[in-house]
There are 2 protein chains.
Amino acid sequence: MTPSAAPRTTPESAPTGRPGKRAAIDCAARTVFGREGYSRASVDAIAAEAGVSKRTIYNHHQDKEHLFLAVVQQSSQAVAAHQEELIDHHLGSPEADLTAALTTLGRALAVPQTDFESHFSLVRVIFAEAPHLPPHVIESWRGTGPGRVRARLAERLGELAGAGALRGGTTPETLAVHFTQLVTSEVYERSLHGALPLAADETNALVESGVAAFLALHGPAS
Amino acid sequence: MTPSAAPRTTPESAPTGRPGKRAAIDCAARTVFGREGYSRASVDAIAAEAGVSKRTIYNHHQDKEHLFLAVVQQSSQAVAAHQEELIDHHLGSPEADLTAALTTLGRALAVPQTDFESHFSLVRVIFAEAPHLPPHVIESWRGTGPGRVRARLAERLGELAGAGALRGGTTPETLAVHFTQLVTSEVYERSLHGALPLAADETNALVESGVAAFLALHGPAS
DNA sequence: GAAGTAAACTACACCGTGCAGTTCACCTTG
DNA sequence: CAAGGTGAACTGCACGGTGTAGTTTACTTC
């Protein structure tokens, strides 16, 4: 950890290489890092998972650590883009049934698609490695990951408030904070941030209860 | 990880040894595991931290892994006991100023005392290692750790509701969930569960805002 | 003499590199 | 356009160096 800003000439930003190899390496690295954590994940295992020679990994990435950081960047962007899409999809056009819209959005945010499972696993590893990660990496991750999602959620909820679907009187940011706290944070905590499976009906119950509380706080004036 | 239930005769439950050594080992293990994580923490480092021979560690504990599990048990109990005490202290006797009581409790729960820092660090490691931990360890930790705290909080908040200090109509468990979600979960997330320091005034702002939201939801009928 | 200490030791896993040989994409040339 | 050359990318393997879990041994202390 804490790399010293790539001193030498590295293959870092070389877009060369046979197509597919780079992608296979990154995908495999995400999978293995997510499954094993940083320390336990061996470069040999990543190479095997990618169906690639270990030497090839070092052709594309300077270091185990730089490989990890590159994959973290990709993953946070992918997760953020996916979640922003979810938010726009469920909250984009004025919904007739606000409770239903918030509930399905909450569920979608709380239980990650299996397609993105490895990305979310990697987010857990970021949490675990946070004390050993260079601060600028954390900040960058915050900015391109959760920060963007939170901002998008605030934007959409602010629009709903502006349209009268939610009570006014609070900033959009507060709405976003309260939504994530009440609707998703308990699911995250109960499942140890997705590490342990949580029964579907339990998830639903938590989300529905959270939405109810959120609407009790910020729902349309009665 | 995933030990196979201690097959041989082990020093596991032997209360022998010079007094103080065992405690020093456990304390050092907690510190080093908390600081480095499971994989990075070496038994040599723990021995050095404890001012003890490595052999002595293996006299008291079967294994690096069993050492880790033992320390986890201790830590979760210590954290739980400490937090239960906080809850009783701030919510035990009917308070004149409910807002102030909830705020100071929230602050106390959100920023751990430096005395318990290593315990909280270890909790982060539990999160990180969760996928590699035997399930019964997780369950046991849940029960003796967060579960007990949550139950105590529900109990006290239920009493307040019964005394009219909070609005009725919800179960004590829901009160406890909403309190932790609104008051502490954002602090935890922002600080990556305590891994990164969070400015004191920022913490205060989050806690106060959370208490305000909690009271808007469940505060005494106006 | 039971418990602890210090240091050496075994056995292994891992990172990163070197290198000889192979494969593939592309480009020259007839 | 097709045969053939060219060079970069890739493979497979072995190796040096390092770190670590756990054991052993000889010695010390209470």
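Letters A, B, ... are given to chains in the order of the sequence lines, protein chains preceding strands, and every chain is numbered from 1. Everything numeric here is computed off the predicted structure, so don't read it as measured data.
Between B/Arg30 and B/Asp26 there is no salt bridge, since no side-chain nitrogen of the basic residue lies less than 4.0 Å from a carboxylate oxygen of the acidic one. A salt bridge does not link A/Glu139 to A/Arg142: none of the charged nitrogens lies less than 4.0 Å from a carboxylate oxygen.
Spacing between atom CD1 of A/Ile46 and atom P of C/dA13 amounts to 18 Å, rounded to whole angstrom units. Going from atom CD of B/Glu36 over to atom P of D/dA21 covers 12 Å, rounded to whole Å. What separates CD1 of B/Ile57 from P of D/dA21 is a distance of 10 Å, to the nearest Å. Whole-Å rounding puts the A/Tyr38 OH to C/dC15 P distance at 8 Å. At whole-Å resolution of the value, CZ in A/Arg55 and P in C/dG18 are 7 Å apart. Between A/Tyr58 atom OH and D/dG12 atom C1' there is a gap of 16 Å when expressed in whole angstrom units. For the pair A/Lys21 NZ and C/dT22 P, the computed distance is 17 Å after rounding to whole Å. Put simply, NE2 on A/His61 is 18 Å from C1' on C/dT17, counting in whole angstrom units.
Judged by a 6.0 Å distance limit and a 45° cone about the ring axis, A/Lys64 is positioned over the six-membered ring of A/Tyr38.
Among the heavy atoms of the strands, none lies under 4.0 Å from A/Ala45. Among the atoms of the strands shown, only primed sugar atoms or phosphate atoms (P, OP1, OP2) are found under 4.0 Å from some heavy atom of B/Ala41.
When each of C/dC14, D/dC10, C/dT5 is scored by its nearest atom to the side-chain atoms of B/Ser53, the top-ranked nucleotide is C/dT5. Side chain of A/Asn59, nearest nucleotide from D/dC10, C/dG4, D/dA21: D/dC10. Picking from D/dG22, D/dT11, C/dC15 the nucleotide with the shortest atom distance to the side chain of B/Lys64 gives D/dG22.
Residue A/Thr56 has a polar side-chain atom (N or O) positioned under 4.0 Å from OP1 or OP2 of D/dT11. For C/dG4, one of the phosphate oxygens OP1 or OP2 lies less than 4.0 angstrom from a side-chain nitrogen or oxygen of B/His60. An OP1 or OP2 oxygen of C/dA7 is reached within less than 4.0 angstrom by no side-chain nitrogen or oxygen of B/Lys54.
Partners of A/Ser53 according to the side-chain hydrogen bond (donor to acceptor under 3.5 Å, both in side chains) rule, which considers only residues two or more places apart in sequence or in another chain, do not exist here.
The salt bridge (Lys or Arg N to Asp or Glu O under 4.0 Å) contacts involving residues 109-127 of chain B comprise nothing, where partners must be two or more places apart or lie in separate chains.
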